[in-house]
**Q** 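My structure is below; once you've seen it, I'll send some questions.
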Amino acid sequence: MGKLEQKVAFITGAARGQGRAHAVKMAQEGADIIAVDLCAQIESVEYPMATPDDLAETVKLVEDQDRRIVAQQADVRSREALQAAVDAGVAEFGQLDIVVANAGIAPIFGETGDGPDAWRDAIDVLLTGVYYTLDVAVPPMVERDMGGSIVITSSTAGLKGLGRNLAATTAGMVGYTAAKHGVVGLMRLYANLLAPYRIRVNSLHPTGVNTPMIVNESFARFVEQFADEGNALENALPVELIEPEDIANAAAWLCSDEARYITGVTLPVDAGFTVR
Ligand SMILES: NC(=O)c1ccc[n+]([C@@H]2O[C@H](COP(=O)([O-])OP(=O)(O)OC[C@H]3O[C@@H](n4cnc5c(N)ncnc54)[C@H](O)[C@@H]3O)[C@@H](O)[C@H]2O)c1
């Protein structure tokens, strides 16, 4: 028996990286999946974002687990698009139990990362996008009255104001930090609002994860500027980057009955980054 048998999970940003790992892990644990991803580029983002082929690969990997998946291209900045995706998934599976609000961008480096679009895009995707995700997913969960679990992917940048180099700090980085802190407020509010319905809400705070968001040339150039901060970007445990599966394992556990009385928590999955 998997940890999530008979459950249906709605995952945003599921085409690759952590979102794909969440879809595969939750399918392995017995859940059916409702997946969305933008599968297109946002101008302020300097690294290549996911493609329709990436989302198709996630579909295949979930189906390889003998689970079902309803996948759509949708932008978390569009409440209507998210509503359509949830409606399609609930029409297919008849229920919704789990939400992983994971979709994200890092418009924090390169020329584009320091313009006004970078700030606005960070807030739109990482904060408003999470609000819309919860706003469309909560009604069918409340209506079914069978409890549930919502996980919001924040960051260590949602717990600390990282960086000591004012000149190298971009508008996008400020927006990223503000949005990742902002979703902690959303998490706490919804944890309170939804507790009477036995729906739990928690946030995850990863350190650097081995995904295309930070494993790219632009990010490598960006962190070089912080070389004078010594090992400020290092984890306490001796590991440079953790794997998407490390975040997926934490989310699957948070969404399982093993964590049934855990709500309102900011859970770092950060190899000790924030304890340093
Ligand atoms: N990689 C890291 O080091 C790291 C660390 C801490 C937190 N995070 C957070 O983890 C989450 C997942 O990121 P990842 O590391 O898997 O990166 P990633 O770039 O591999 O995956 C992010 C996914 O979100 C999708 N997406 C972006 N904007 C979207 C939108 N408007 N609508 C729908 N989908 C959209 C992308 O297409 C992509 O498939 C993000 O919220 C990110 O901020 C990442």
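Here, residue 1 is the first one in the sequence, and each next residue gets the next number. Heavy-atom basis, side chains included; hydrogens, waters and symmetry copies ignored. Order of listing sets the numbers, starting from 1, for every ligand and every atom in it.
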**Q** N/O to N/O below 3.5 Å, does that happen between R16 and ligand 1?
**A** yes
**Q** Taking the minimum heavy-atom distance to atom 33 (C) of ligand 1, which of L38, D54, T51, N216 ranks first?
**A** L38
**Q** Tell me which part of Q18 gets within contact of ligand 1: side chain, backbone, both or neither, using heavy atoms under 4.0 Å.
**A** both
**Q** Do D37 and R16 meet the salt-bridge criterion of a basic N to acidic O distance under 4.0 Å?
**A** no
**Q** Going by the order shown, which atoms of ligand 1 are within less than 4.0 Å of some heavy atom of G17?
**A** 16 (O), 20 (O)
**Q** Going by distance only, is there an N or O of V76 that falls short of 3.5 Å from an N or O of ligand 1?
**A** yes
**Q** Starting from atom 43 (O) of ligand 1, which protein heavy atom do you reach first, and at what distance in Å?
**A** Y176 OH, 2.7 Å
**Q** Backbone, side chain, both or neither: what part of A157 comes under 4.0 angstrom of ligand 1, heavy atoms only?
**A** neither
**Q** Should you measure from each heavy atom of S155, which atoms of ligand 1 turn up under 4.0 Å away?
**A** 6 (C), 7 (C)
**Q** State whether the shortest distance between N or O atoms of I105 and N or O atoms of ligand 1 falls below 3.5 angstrom.
**A** no
**Q** Can you tell me if G129 contacts ligand 1 (heavy atom of the residue under 4.0 Å from the ligand)?
**A** no
**Q** Could a heavy atom of A40 be found less than 4.0 Å from some atom of ligand 1?
**A** no
**Q** Any idea which protein heavy atom is nearest atom 38 (C) of ligand 1, and the distance to it?
**A** D37 OD2, 3.5 Å
**Q** Does a salt bridge link R260 with D257, judged by any charged N lying under 4.0 Å from a carboxylate O?
**A** no
**Q** What atoms in ligand 1 come closer than 4.0 Å to a heavy atom of A74?
**A** 32 (N), 33 (C)
**Q** Check whether any N or O atom of V209, backbone or side chain, sits under 3.5 Å from an N or O atom of ligand 1, and answer yes or no.
**A** yes
**Q** What atoms in ligand 1 come closer than 4.0 Å to a heavy atom of G208?
**A** 3 (O)
**Q** Flag the pair V209 / V269 as yes when at least one side-chain heavy-atom distance between them is below 4.5 Å, and no otherwise.
**A** no
**Q** Near I214, which atoms of ligand 1 are under 4.0 Å from a heavy atom of that residue?
**A** 3 (O)
**Q** Which option out of T12, T207, L55 puts a heavy atom nearest to atom 5 (C) of ligand 1?
**A** T207
**Q** Can V36 be said to touch ligand 1, with heavy atoms closer than 4.0 Å?
**A** no
**Q** Which class fits the ring pair F219 and F109: parallel under 30°, tilted 30 to 60°, perpendicular over 60°?
**A** perpendicular
**Q** Shortest non-hydrogen contact from L96 to A9?
**A** CD1-C, 4.4 Å
**Q** Taking a cutoff of less than 4.0 Å between a non-hydrogen atom of the residue and any ligand atom, is S154 in contact with ligand 1?
**A** yes
**Q** Taking side chain as C-beta onward, heavy atoms only, is S154 less than 4.5 Å from T266?
**A** no
**Q** Decide yes or no for K60 and D64: does some side-chain heavy atom of the first lie under 4.5 Å from some side-chain heavy atom of the second?
**A** yes
**Q** Any idea which atoms of ligand 1 are less than 4.0 Å away from a heavy-atom of M49?
**A** 27 (C), 28 (N)
**Q** State, with a plain yes or no, whether a side-chain heavy atom of I214 is found less than 4.5 Å away from one of L241.
**A** yes
**Q** Quick one: which ligand 1 atoms are inside 4.0 Å of a heavy atom on D75?
**A** 30 (C), 31 (N), 32 (N)
**Q** Between OG1 of T207 and CD1 of I247, what distance do you get to the nearest 0.5 Å?
**A** 8.5 Å
**Q** Within a distance under 4.0 Å of any heavy atom of T153, pick out the atoms of ligand 1 and give their elements.
**A** 9 (C), 10 (O), 11 (C)
**Q** Is there side-chain contact between T169 and V174, with heavy atoms separated by less than 4.5 Å?
**A** yes
**Q** So, does R20 sit close enough to ligand 1 that a heavy atom of it is under 4.0 Å from the ligand?
**A** no
**Q** What about T211: any of its N or O atoms under 3.5 Å from an N or O on ligand 1?
**A** yes
**Q** Does a side-chain heavy-atom distance below 4.5 Å link M187 with V130?
**A** no
**Q** With a cut-off of 6.0 Å (strictly less than), are more than 12 heavy atoms of other residues, nucleotides or ligands near CD of E43?
**A** no
**Q** Is it the case that the side chain of T263 and the backbone of A191 share a donor-acceptor pair, with hydrogens and angles ignored and the cut-off at 3.5 Å?
**A** no
**Q** Which bit of H205 gets closer than 4.0 Å to ligand 1, counting heavy atoms only: side chain, backbone, both or neither?
**A** neither
**Q** Side chains of E46 and N216, heavy atoms from C-beta outward: is any pair under 4.5 Å?
**A** no
